[in-house]
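What follows is a single structure, written as structure tokens, with notes after it.
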Amino acid sequence: MPELPEVETMRRGILSIVGRQIAHAERAACKRRPIAIRPRIDLFRRRVEGKTVTAIERAGKRVVIWLSAIAGKSADTNQLPGTQAIVIEPRMTGLVLLGNPPTQEHLRFRLRFRKTGAATNGRHTHDANEVLFWDRRGLGTVSLLSADEFAAKYGGESKTLGPDALRLSVSELKNRLHSSRRAIKVALLDQRAIAGIGNLYASEILNVAGIHPAARCHRLGREQWNRLHAAIPLVLEEAIRFEGSTLSDGTYRNALNESGGYQNYHRVYDRAGQTCPTCGRGTVRRIVQAQRSTFFCPHCQRR
DNA sequence: CATATGTCCTGAGAGC
DNA sequence: TGCTCTCAGGACATAT
């Protein structure tokens, strides 16, 4: 379930590896069916060994580790911060960690770094020496892309990934969705339209915006688009401040294997039967849209 | 093209 | 108690 706030928390959690040089990349020795790693691990390893991490970015719900042959030097052919990108896609249960995985059983991939100049003034550095990808269900993926491949797949003109939910103007939001016949909740999950919103935050955002999840996009009015545009960063930034949501299954953790805190502040998600905290009047309801749960307040969320 | 549905996967929890 | 069943929802493939 990692969505934008959880993936952003993962990204921030591994920023300390910027500047580090990769010693080794490997599949973790787990007995489960191997996750998808592209290209094949031996080729992957050959292409990343000795490279330096230049930046950690986020592309929608993916963590992107940029690499360059020389520390701090960007690719000169474009504005991207490196020549190759390791793209980690957590999907349902994947975690990006600086060591200390919840179980060894579900450890899938490991990126080891060369040791830094060891002790400075007799004090050892606390830099992490590895980044791990842990995934209980094994639906996540790790891919190595050239800068060009990355640009084609996730760049500005990409058809697979829309503009990031945190960097979205009202007109962009409206232009991308207003002609759709789909229910607004379903459309918000479409990563080609807007990148980063998943099932949990779609419900939270619509509650804050006061919009009924089944409202059809093409019927929404100007005022509703404005409220939606305001609610998106409000909810996502609030969730980032609390380092994301760890649901009752306890799966999601930050890079240090600590729980998030935003689950305690959910307004509607998984709160069917409770009083809506936004209006204090309605009772939160659960419905199913496109085979996914939606939670909303029938009192204050209007079509 | 737009939209809808099926699939992958594991572990928790329900029900008998 | 232990079995079987259902459900959770990321991205993508396939169908309409």
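Quick caveat, the model's predicted, so the values are computed rather than measured. Lettering follows sequence order; numbering is per chain, from 1.
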**OP:** Would you indicate which nucleotide in C:dA11, B:dT5, B:dT3 comes nearest to any side-chain atom of A:S180?
**Re:** B:dT3
Subject >> A:Q289 CD - C:dA8 C1' separation (whole Å) >> reply: 16 Å
Original post:
Is A:G198 touching bases, backbone alone, or none of the nucleic acid, heavy atoms closer than 4.0 Å?
Top reply: sugar-phosphate
**OP:** Anything under 30° is parallel, anything over 60° is perpendicular, the rest tilted; go ahead and classify A:F296 against A:H212.
**Re:** tilted
**OP:** Calculate the interatomic distance between A:L188 atom CG and C:dG9 atom P; express it in whole Å.
**Re:** 15 Å
Original post:
Does a side-chain N or O from A:R33 land closer than 4.0 Å to OP1 or OP2 of B:dC9, or not?
Top reply: yes
**OP:** Check the distance between C:dC12's C1' and A:Q291's CD and give it to me in whole angstrom.
**Re:** 15 Å
**OP:** With heavy atoms under 4.0 Å as the rule, sort A:N199 into base, sugar-phosphate or nothing.
**Re:** sugar-phosphate
Original post:
Pick the nucleotide of DNA chain C nearest each of A:K153 and A:M92; which residue has the one closer to the 5' end?
Top reply: A:M92
Original post:
Would you say A:Y252 reaches C:dA8's phosphate, i.e. side-chain N/O to OP1/OP2 under 4.0 Å?
Top reply: no
Original post:
Can you check the A:R192 CZ to C:dC12 C1' distance for me, whole Å?
Top reply: 10 Å
Original post:
For A:T160 and C:dC12, is the shortest distance between a side-chain N/O and OP1 or OP2 below 4.0 Å?
Top reply: no
Original post:
For A:D249 and C:dA8, what is the distance between atoms CG and P respectively, to the nearest whole Å?
Top reply: 12 Å
**OP:** State, to 0.1 Å, how close A:L95 and A:Y252 come at their nearest heavy-atom pair, and which atoms those are.
**Re:** CD2-CA, 3.9 Å
Original post:
Looking at A:H106, does any N or O in its side chain come under 4.0 Å of the phosphate oxygens OP1/OP2 on B:dC9?
Top reply: no
Original post:
Does a donor on one side chain sit under 3.5 Å from an acceptor on the other, for A:T93 and A:R137?
Top reply: no
Original post:
Base, sugar-phosphate, or nothing: which does A:F295 touch, judged by heavy atoms less than 4.0 Å apart?
Top reply: nothing
Subject >> With A:W134, the side chain to side chain donor-acceptor pair (under 3.5 Å) member among A:N257, A:T251, A:T103 >> reply: A:T103
**OP:** Answer with yes or no whether A:R292 presents, from its side chain, a donor or acceptor under 3.5 Å of a partner atom in the base of C:dG10.
**Re:** yes
Subject >> Nearest to side-chain heavy atoms of A:R136, which nucleotide of C:dA8, B:dG11, C:dA11 >> reply: B:dG11
**OP:** May I ask you to verify if any side-chain N or O of A:S293 is less than 4.0 angstrom from the OP1 or OP2 atom of C:dA8?
**Re:** yes
Subject >> Interatomic distance, A:D135 CG vs B:dG11 C1' [rounded to whole Å] >> reply: 13 Å
Original post:
Which part of the nucleic acid, if any, lies within reach of A:R176 when heavy atoms closer than 4.0 Å are counted: base, sugar-phosphate only, or nothing?
Top reply: nothing
Subject >> Minimum heavy-atom distance between A:G94 and A:D135, given as atom pair plus value >> reply: N-OD1, 3.5 Å
Original post:
Given B:dT3, is OP1 or OP2 found less than 4.0 Å from the side-chain N or O atoms of A:R182?
Top reply: yes
Original post:
If you check every side-chain atom of A:R137, which of B:dC9, C:dG10, C:dA11 has the closest atom?
Top reply: B:dC9
**OP:** Check the distance between C:dG10's C1' and A:E89's CD and give it to me in whole angstrom.
**Re:** 8 Å
Subject >> Electrostatic pair A:E8:A:R58 at N-O distance under 4.0 angstrom >> reply: yes
**OP:** Round to a whole Å and report the spacing from CD of A:E6 to P of C:dG10.
**Re:** 9 Å
